[in-house]
Amino acid sequence: MSEMDSKQVVDLLYWRDLQRTGVVFGASLFLLLSLSVCSIISVISYVGLALLSVTISFRMYKGILQAVQKSENGHPFKMYLDKDVGISSELVHKYGDTALAHFNSLIKELRRLFLVEDLVDSLKFAVLMWILTYVGALFNGLTLLILGLIGAFSWPVIYEKHQAQIDHYYGLVNKQIKDVLGKIQAKIPGAKPKTE
């Protein structure tokens, strides 16, 4: 992701442009909530029908208006029809290469965890998988996506406003976790604490 792209994402998540963030957040939340009620085929069909209803009505309105006023303004969507909407091969290669690098990194890390290169890391991963079985029993994936979307658009603003308190409590919790992990590592034979 380029520096400009990441700046736009940060501005979006920090609600720097209220109108743009509201549209992105509202549309994303509406789409996810719609998917929780209807199938993806129904959602795509309804969104397509709604969009076609608006564009056909607008085109007919402009056509009637041109006939009544006897003007030749042309097609109301001419500006958008002339735009190039294709995706360049450079863009595909750029993001494809980035995705491939992340995928390869993920495969290497999973191999390391499943083949127990480091016992402590594999045990942490096992605990994470065990916790995720309970999360999976409570929520489906779509609910987690909705919660993640709401968190992504609210957490940065909350953190920005209450950074001192959050950092203080995060430091306390992090210290406690490190103490507990240190005690566990001391009791496991063959496990050596990592140097930071």
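Distance check: I107 CD1 to R111 CZ gives 9.5 Å after rounding to the nearest 0.5 Å. Rounded to the nearest 0.5 angstrom, L106 CG and L110 CG are separated by 4.5 Å. Within the model, atoms CD1 of I158 and CD1 of I166 stand 7.5 Å from one another, a figure rounded to the nearest 0.5 Å. Note that the CD1 atom of I177 and the CD1 atom of I184 stand 10.5 Å from one another [nearest 0.5 Å]. For the atom pair CG (L100) and NE2 (H93), the distance works out to 12.5 Å, reported to the nearest 0.5 Å. Summarising the geometry, atom CZ belonging to F139 is positioned 11.5 Å from atom CD1 belonging to I146; distances are rounded to the nearest 0.5 Å.
Sorted by first then second residue, the ring-ring contact (aromatic ring centres under 6.0 Å, His included) pairs that include residues 43-74, not counting sequence neighbours, are F58-F77.
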Let me have the donor-acceptor pairs involving side chains of residues 26-41, under 3.5 Å, with sequence neighbours excluded, atom names and distances please.
{"residue": "S28", "atom": "OG", "partner": "V24", "partner atom": "O", "Å": "2.7"}
{"residue": "S34", "atom": "OG", "partner": "F30", "partner atom": "O", "Å": "2.7"}
{"residue": "S36", "atom": "OG", "partner": "L33", "partner atom": "O", "Å": "2.6"}
{"residue": "S39", "atom": "OG", "partner": "S42", "partner atom": "N", "Å": "3.3"}
{"residue": "S39", "atom": "OG", "partner": "S42", "partner atom": "OG", "Å": "3.2"}

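Contacts of R20 classified as side-chain hydrogen bond (donor to acceptor under 3.5 Å, both in side chains), with partners at least two apart in sequence or in another chain: none. For Q165, the side-chain hydrogen bond (donor to acceptor under 3.5 Å, both in side chains) test picks out no residue, with sequence neighbours left out. Annotation: side-chain hydrogen bond (donor to acceptor under 3.5 Å, both in side chains) contacts of E109 (sequence neighbours excluded): R112.
Heavy-atom neighbours of Y14 OH from other residues, nucleotides or ligands within 6.0 Å: above the threshold of 12.
The two residues P156 and G151 have their closest heavy-atom pair at CD-O, 3.8 Å. Minimum interatomic distance between K62 and P76 (heavy atoms only, all atoms of both residues): CG-CB, 3.8 Å. Between W15 and T21 the shortest heavy-atom distance is CD2-CG2, 3.3 Å.
Follow the hydrophobic side-chain contacts under 4.5 Å out from I150 and you reach L13 in the same cluster. Under the 4.5 Å side-chain contact rule for hydrophobic residues, L142 and V43 share a cluster. V173 is connected to L181 through a chain of hydrophobic side-chain contacts under 4.5 Å among Ile, Leu, Val, Met, Phe, Trp and Tyr, so both are in one cluster. Each of V135 and L145 belongs to its own hydrophobic cluster when Ile, Leu, Val, Met, Phe, Trp and Tyr are linked at side-chain heavy-atom distances under 4.5 angstrom. No continuous path of hydrophobic side-chain contacts links L123 to I131 [ILVMFWY only; heavy atoms under 4.5 Å].
Under a 4.5 Å side-chain heavy-atom criterion applied to ILVMFWY residues, the cluster that includes M60 comprises L52, I56 as well.
Proximity of a side-chain donor or acceptor of S57 to a complementary backbone N or O of S53 within less than 3.5 Å is detected.
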| request: Would you check, one step at a time, whether the test salt bridge (Lys or Arg N to Asp or Glu O under 4.0 Å) holds for D179 with K175? | output: CA-CA 6 Å; D179 290 345; K175 183 180 180 299; 3.5 Å; yes

| message | Does R59 form a side chain to side chain contact (heavy atoms under 4.5 Å, CB included) with T55? I'd like the steps, not just the answer. | response | CA-CA 6 Å; R59 170 83 194 272; T55 55; over 6 Å; no

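Between F114 and F125, the ring planes are perpendicular. Angles over 60° get that label, and only those under 30° would be called parallel.
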